[in-house]
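Note that the coordinates shown come from a computational prediction; the quantities given were computed from them, not determined experimentally. Both counts, for ligands and for their atoms, begin at 1 and track the order of listing.
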Amino acid sequence: MLSTADPAAKVALSRAAAAGWRAGDLAEIGDAVPPDRPARPERPPLLPPREMPKRRAGGEREKRVALLHALAHIELNAIDLAWDLVARFASEAPPLTFFDDWVNVAGEEALHHSLLAARLAELGAGYGDLPAHDGLWEAAAATAHDLLARLAVVPLVLEARGLDVTPDMIRRLDLGGDDESAAILRVIYRDEIGHVAAGRRWFEWACARQGRPPIETYHHLVRRHFRGVLKPPFNREARAEAGFAAAFYEPLADRPETPA
Ligand SMILES: [Fe+2]
Ligand SMILES: [Fe+2]
């Protein structure tokens, strides 16, 4: 999966593997060594985040395509991040339910990417048409040495941030009359609450195994491995649904939250 560059092939392999795992056909856990970087298609070109072109004030359709393209890119990275977690940290011998959770996440990320790619095609565009940034894989590389750091930064900072910003995107798409795109984002939003919940569950599991206090450990790891601060407003409701308490993220906010 990680060494497959073509997005459609990666999606198909990921969904088949997730279905196979669920059916019990893949109960063998190997000890594959994941590549430092997953394979990527030639397009889109990957730029450092600060070199990304500013979104020009295009028409409705251009803006929509830019948004869906950015999300499709995040979801493609998310597929690799889930498989990387499965492959990289299998050596820590977590219980089987760890694999159940992350294989399921990989399958859902593959679905998300394919829904967005299909929607882009309906709008006369395609994944690869615009440049994309490489920030997500930088986060993966920075935490490749440590399961706790990986879980703190990827599901519990980046995916949790997705919960904060998605409702507003859905609202805008609804307002613009793009029901199809809004419906896809609703699917993603539901699933992502589950991904944050899995991150929180396994973070607490790994903390317990090492006898470390979860909240303090989270603060320490995010300050150390995540460049940047957490931006309020937080979607407390969705985060709470994922079992992710405010005591984790609130003290890391760049400014106190102003009541809405
Ligand atoms: Fe996703
Ligand atoms: Fe996710």
Side-chain angles (χ1 to χ4, degrees), residues 1-2 4 7-8 10-15 17-19 21-22 34 38 40 44 67-89 97-120 127 132-140 143 147 149-170 173 180-203 222 226 230 234-235 238-244 248-249:
M1 262 75 75
L2 286 161
T4 302
K10 193 188 287 281
V11 164
L13 273 173
S14 296
R15 299 197 64 192
W21 177 266
R22 268 197 303 276
R40 279 283 174 264
L67 172 69
L68 297 173
H69 193 279
L71 295 176
H73 181 67
I74 290 171
E75 297 292 351
L76 186 68
N77 274 279
I79 302 172
D80 287 325
L81 285 166
W83 289 126
D84 186 81
L85 193 65
V86 165
R88 189 172 300 277
F89 299 107
T97 46
F98 176 89
F99 299 99
D100 289 343
D101 276 355
W102 297 107
V103 169
N104 181 55
V105 168
E108 289 180 351
E109 308 297 21
L111 173 68
H112 299 167
H113 176 81
S114 67
L115 291 171
L116 291 162
R119 182 65 189 139
L120 280 170
Y127 177 68
H133 74 73
D134 203 22
L136 278 174
W137 205 260
E138 285 172 15
T143 56
L147 175 61
R150 172 64 63 84
L151 292 170
V153 171
V154 175
L156 297 179
V157 170
L158 300 174
E159 293 192 285
R161 170 86 183 142
L163 300 183
D164 301 336
V165 296
T166 307
D168 198 50
M169 292 176 186
I170 294 174
L173 290 166
E180 292 84 352
S181 301
I184 293 169
L185 263 67
R186 285 194 173 89
V187 171
I188 292 177
Y189 180 66
R190 284 300 335 152
D191 290 346
E192 294 299 333
I193 292 175
H195 301 180
V196 174
R200 196 263 313 149
R201 198 156 50 241
W202 292 106
F203 185 82
V222 172
F226 180 68
L230 306 191
F234 300 111
N235 184 343
R239 286 167 175 253
E241 220 183 299
F244 193 33
F248 280 91
Y249 53 84

Asker: So that I can check it, does any N, O or S atom in Glu192 come closer than 2.8 Å to the Fe ion (ligand 1)?
Answerer: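 Yes, since at least one N, O or S atom of Glu192 sits under 2.8 Å from the Fe ion (ligand 1).
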Asker: Heavy-atom distance under 4.5 Å between the side chains of Asp84 and Trp137, does that happen here?
Answerer: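 Yes. Closest side-chain heavy atoms under 4.5 Å.
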Asker: Does His195 reach the main-chain N or O of Pro155 with its side chain, forming a donor-acceptor pair under 3.5 Å?
Answerer: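 The answer is no, because no donor-acceptor pair under 3.5 Å joins these two groups.
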Asker: State plainly whether the residues Glu159 and Arg200 are in salt-bridge range, i.e. N to O under 4.0 Å.
Answerer: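 No, this pair does not count.
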Asker: Assess His112: does it contribute an N, O or S atom lying under 2.8 Å from the Fe ion (ligand 1)?
Answerer: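 Looking at His112, which is the residue asked about, there is an N, O or S atom under 2.8 Å from the Fe ion (ligand 1).
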Asker: Indicate if the distance from the Fe ion (ligand 1) to the nearest N, O or S atom of Glu109 falls below 2.8 Å.
Answerer: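 Yes, since at least one N, O or S atom of Glu109 sits under 2.8 Å from the Fe ion (ligand 1).
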Asker: Would you say the Fe ion (ligand 1) has Glu75 as a near neighbour, meaning an N/O/S atom of that residue under 2.8 Å away?
Answerer: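 Under 2.8 Å: Glu75 contacts the Fe ion (ligand 1) through an N, O or S atom.
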Asker: Output yes when a side-chain donor or acceptor of Asp164 lies under 3.5 Å from a complementary backbone atom of Phe234, and no otherwise.
Answerer: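 Checked: no pair found.
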Asker: Given atoms ND1 of His195 and OE2 of Glu159, what angle do they subtend at the Fe ion (ligand 2), to the nearest 10 degrees?
Answerer: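 The two atoms subtend 110° at the Fe ion (ligand 2).
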Asker: Does Arg239 make a cation-pi contact with Tyr249 (under 6.0 Å, within 45 degrees of the axis)?
Answerer: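 Judged by the rule, Arg239 and Tyr249 form a cation-pi pair.
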Asker: So does Glu108 have any N/O/S atom less than 2.8 Å away from the Fe ion (ligand 2)?
Answerer: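 No.
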